[in-house]
Amino acid sequence: MPFVERVFSGVQPTGNLHLGNYLGAIVNFVKMQETHNCIYCVVDMHAITQGVDVWGGPAELARNTREVTAAFIAAGIDPRKHIVFNQSQVSGHAELAWIFNCVARMGWLGRMTQFKEKAGKDRENASVGLFDYPVLMAADILLYRATHVPVGEDQKQHLELSRDIAQKFNNDFGDSIRAQGANDGLFFPLPEPLITGPATRVMSLRDGTKKMSKSDASDNSRINLTDDADTIAQKIRKAKTDPEPLPSEEKGLEARPEADNLVGIFAALAERSKAEVLREFGGGQFSSFKNALAELCVTKLAPIAGEMKRLVSDPGHIDSILNDGSDRARALAQETMNLSKDIVGFIRRR
Ligand code: TYM
């Protein structure tokens, strides 16, 4: 691939960061730092695509933006070596999204399952922004010509759309791209989703067929990154299970969504495979497995919760991290925006 490898990913500041966000995304963000230059974005513009009753209004948005930033740092992201910033501070995201709006097709967006789920039955009343959400996502990634995007399983379809947009842009403007000097006619890379680990889709603790989510009415359905040790232990103890003992092999987890989910969570937190976890706990009752899982969750998450608390108590410090990250992101974005404008034929001051 002719592109320098670069990682980009984002998390919405919509409250209640949970174990799914952590294991499906943030843990992998931390790992990618060892091998790549990484850009991690708090996507505040995505956060306002649903009703204000959903995202909570201006004070809540600012609080949540700082909290997600704190979670990134508490989990081990280094904002000096890599870039951590909030999306609305770099205007290129909105500018490139506009160009992509004219590349993406209505039919492509109409197939997005997340839009269908979030809009529900009353589609006429969904915001245009909610429909356009995946186009802004493509702009987020491609503004930095990022090649790799660590995400949870639920974002796979959006990543495919990003690739389609990149490809159509490269095709539509192929001659112009070549005229600008890129003789292979490729301006945007086709970003690759990185969906890895044993917990790419963490399920609700109350219903193993539903995704763990910020918006579930029951707080017992998820473990929040800000939960204290007692709350974590209680939620695990109350988690839904079935009456059978744990199987000794992975195949035995089929058709047992709750068991599969808890074993996956254990494996991801312990950095072991599901098979290894089952070798240790297979044949045993859920009660003893749950005790071990609760202990593991607390060991891994309590320090993060503590560090997040410490960080959010100093909003000035968080804001300075976001400002610095935005400055560095803006410089990279500017380069892509200038070239994109030249490719499209927009006249600009030189
Ligand atoms: P958000 O904030 O909804 O989710 C953030 C990340 O958490 C993952 N995730 C999960 N992983 C496993 N199990 C779950 N139950 C679970 N719930 C959430 C998501 O897959 C995601 O990786 N649209 C993105 C935000 C975004 C973005 C981007 C991501 C905006 N622009 C550009 C990558 C690149 C989202 O879902 O955020």
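Since the structure is predicted, the reported quantities are computational estimates derived from the model, not experimental observations. As the structure lists them, so they are numbered: ligands from 1, and atoms in each ligand from 1.
By the 30° and 60° cut-offs, the orientation of the rings of Phe169 relative to Phe187 is tilted.
Counting only distance, with no hydrogens or angles, the side chain of Asn261 and the backbone of Met203 share a donor-acceptor pair below 3.5 Å. Within the 3.5 Å criterion, the main-chain N or O of Gly92 finds no donor-acceptor partner in the side chain of Arg330. Looking only at distances, no side-chain donor or acceptor of Asn224 sits under 3.5 Å from a matching main-chain atom of Thr226. Within the 3.5 Å criterion, the main-chain N or O of Asp216 finds a donor-acceptor partner in the side chain of Arg222.
Remark: ligand 1 and Met212 share an N or O pair separated by less than 3.5 Å (distance only, no angle test). Residue-to-ligand polar distances place Lys214 within reach of ligand 1: an N/O pair is separated by less than 3.5 Å. For ligand 1, one of its N or O atoms has an N or O atom of Tyr133 under 3.5 Å away.
Closest to atom 36 (O) of ligand 1, if we only count protein heavy atoms, is Gln155 NE2, 2.8 Å. Regarding atom 13 (N) of ligand 1, its nearest protein heavy-atom neighbour is Val202 N, 2.8 Å. Nearest non-hydrogen protein atom to atom 25 (C) of ligand 1 is Gly10 O, 3.5 Å. Closest to atom 3 (O) of ligand 1, if we only count protein heavy atoms, is Gln12 NE2, 3.6 Å. Regarding atom 11 (N) of ligand 1, its nearest protein heavy-atom neighbour is Gly20 O, 3.1 Å. Summary of contacts: the protein heavy atom closest to atom 18 (C) of ligand 1 is Asn21 ND2, 3.2 Å. Counting protein heavy atoms only, atom 19 (C) of ligand 1 is closest to Asp154 OD1, 3.3 Å. Among protein heavy atoms, atom 17 (N) of ligand 1 sits closest to His18 CE1, 3.5 Å.
Under 4.0 Å from ligand 1, the heavy atoms of Val43 that appear belong solely to its side chain. With a 4.0 Å heavy-atom cut-off, ligand 1 is reached by the backbone of Arg201 but not by any atom from C-beta on. With a 4.0 Å heavy-atom cut-off, ligand 1 is reached by the backbone of Val11 and by its side chain too. With a 4.0 Å heavy-atom cut-off, ligand 1 is reached by the side chain of Asp140 but not by its N, CA, C or O. Only the backbone of Thr200 comes within contact range of ligand 1, with a heavy atom under 4.0 Å; no side-chain atom does.
Counting atoms of ligand 1 from 1 in the listed order, those under 4.0 Å from a heavy atom of Lys211 are 15 (N). Near Gly24, meaning under 4.0 Å from any of its heavy atoms, are these atoms of ligand 1: 11 (N), 12 (C). Within the listing of ligand 1, atoms 33 (C), 34 (C) sit less than 4.0 angstrom from a heavy atom of Val149. With ligand atoms numbered from 1 in the order given, ligand 1 contributes 6 (C), 7 (O), 22 (O) to contacts under 4.0 Å with heavy atoms of Ala25. Atoms of ligand 1 found under 4.0 Å from any heavy atom of Gly152, numbered from 1 in the order shown, are 11 (N), 19 (C), 20 (O), 22 (O). Counting atoms of ligand 1 from 1 in the listed order, those under 4.0 Å from a heavy atom of His46 are 30 (C), 31 (N).
The aromatic ring centres of Tyr22 and Phe29 sit 6.0 Å or more apart. For His82 and Tyr40, the gap between ring centers reaches or exceeds 6.0 Å. Aromatic pair His158/Tyr133: centroids less than 6.0 angstrom apart. Aromatic pair His36/Phe8: centroids not less than 6.0 angstrom apart.
Membership of an apolar cluster is not assigned to Val128, as no side-chain contact below 4.5 Å to another ILVMFWY residue is traced.
Distances shorter than 4.0 angstrom do not occur between any heavy atom of Met203 and any atom of ligand 1. The shortest heavy-atom distance from Gln87 to ligand 1 is not under 4.0 Å.
Side-chain contact check for Met308 versus Glu67: some heavy-atom pair is nearer than 4.5 Å. No side-chain heavy atom of Asp319 sits less than 4.5 Å from a side-chain heavy atom of Thr69.
Each of Asp227, Asp230, Asn220 was compared with Lys235 under the side-chain hydrogen bond (donor to acceptor under 3.5 Å, both in side chains) criterion, and only Asp227 meets it.
Residues Thr209 and Asp207 bring a donor and an acceptor atom of their side chains to less than 3.5 Å of each other.
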